[in-house]
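These notes concern the structure reproduced below.
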Amino acid sequence: MAKEPMRVLVTGAAGQIGYALVPMIARGVMLGADQPVILHMLDIPPAVEALNGVKMELVDAAFPLLKGVVATTDAVEACTGVNVAVMVGGFPRKEGMERKDVMSKNVSIYKSQASALEAHAAPNCKVLVVANPANTNALILKEFAPSIPEKNITCLTRLDHNRAFGQISERLNVQVSDVKNAIIWGNHSSTQYPDVNHATVKTPNGEKPVRELVANDEWLNTEFISTVQQRGAAIIKARKFSSALSAASSACDHIRNWVLGTPEGTFVSMGVYSDGSYGVPAGLIYSFPVTCSGGDWTIVQGLPIDKFSREKMDATAQELSEEKALAYSCLN
């Protein structure tokens, strides 16, 4: 029996990430090859012509799973009945802008979109915030959508997670699919901590720890971490645009695992509401290792944390606490 279509909202849909993301969703990359979708695309009025062009291309591509397209500049219309919301739209930091200026702009954007989701989204709607500062934008959204359960509001650190896997794969000359359980802790920023202490690689002789196979702690504790932390800036320098294809792909990975589950013995990184696990202050949106089952995520518990990791995890938590304070100052 055919499944009922799921309604998926993409904000900022006429932008670079949105343009890469919507065909992936329509092709079943996000929710599965047997799940029909209705795409809701939201953008700002100056982008309406480009948004309609994206809608035309979706129609022209004749995706079998795509059962409808809503293209609008109205947040209420865009949010009505949606089961999944991918919040790509936001105000980017521009040259000469202070962090508080950016935060103030995003507080305004996320306040209105959160209110529309709160009032009009389907019950149990899952929300993924992509727009930077992603962790704190998710926190703002939570503030203005109090009836959406905190477990249903997440932010994207899967891009950083995938970047870590790519670096390990290249360093060891192994398939990325044979690497598992690297972790991104903390903020989707240059303070994030890419942690390989629990990561393994499938070899002909069984699973082996990444640290043992790399056999170079100096590289793992310095260059590897900084490469993952600074990868977004490196891509901007090379492309003259920010990451779009990889961001869209990782958003699909994030939602797919959240909805359809993670493989046994495998965890992934998600920015989720902290309950105090691993000494991270409760009330932050912080990236943890999680497993997913039945549409819910659970923080992986009991992983040993060494002194080096503790310091890195605390530093990124401190930055998030400062961002939270800044965001809340903009609410007044």
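These numbers were taken from a predicted model, which means no experiment stands behind them.
Residues passing the ring-ring contact (aromatic ring centres under 6.0 Å, His included) test with Tyr278 are Trp185, sequence neighbours excluded.
Clustering ILVMFWY residues whenever any of their side-chain heavy atoms sit less than 4.5 angstrom apart, transitively, puts Phe63 in a cluster other than the one holding Val59. Connection of Ile17 to Val129 is not established within any shared hydrophobic cluster, with ILVMFWY side chains joined at heavy-atom distances below 4.5 Å, either directly or through further cluster members. Connection of Ile183 to Met313 is established within a shared hydrophobic cluster, with ILVMFWY side chains joined at heavy-atom distances below 4.5 Å, either directly or through further cluster members. Transitive grouping of hydrophobic side chains (ILVMFWY, heavy atoms separated by less than 4.5 Å) brings Leu303 and Tyr193 into a common cluster. No continuous path of ILVMFWY side-chain contacts below 4.5 Å connects Met41 to Ile109, so the two sit in separate hydrophobic clusters.
By the 4.5 Å heavy-atom criterion applied to side chains, Thr316 and Tyr286 are counted as neighbours. Between Gln192 and Arg163, every side-chain heavy-atom pair lies at or beyond the 4.5 Å cut-off. Within the 4.5 Å cutoff, side-chain heavy atoms of Val37 are placed close to those of Leu66.
A donor-acceptor contact shorter than 3.5 Å is absent between the side chain of Gln229 and the backbone of Phe224.
The minimum heavy-atom distance between Val228 and Asp160, with the atom names listed, is CG1-O, 3.7 Å. Closest heavy-atom contact between Leu284 and Ala317: CD1-O, 3.8 Å.
Each of Thr136, Asn137, Asn135 was checked for a side chain to side chain donor-acceptor pair (under 3.5 Å) with Glu323, and the lone residue meeting it is Thr136.
In the model, Arg171 has no side-chain atom that pairs as donor or acceptor with a side-chain atom of Thr227 under 3.5 Å. With 3.5 Å as the limit, one finds a donor-acceptor pair spanning the side chains of Glu77 and Thr72. Under 3.5 Å, the side chains of Ser246 and Asn162 contain no donor-acceptor pair of N or O atoms. Looking at Tyr110 and Glu143, their side chains never bring a donor and an acceptor atom within 3.5 Å of each other. For the residue pair Asp306 / Ser309, a side-chain donor-acceptor distance below 3.5 Å is found, with atom types taken as modelled. When only modelled atom types and interatomic distance are considered, Ser189 and Glu319 share a side-chain donor-acceptor pair under 3.5 Å.
Taken from CG in Leu65 to CG in Leu39, the straight-line distance is 10.5 Å, to the nearest 0.5 Å. Rounded to the nearest 0.5 Å, atoms OG1 (Thr11) and NE2 (His40) are 13.5 Å apart.
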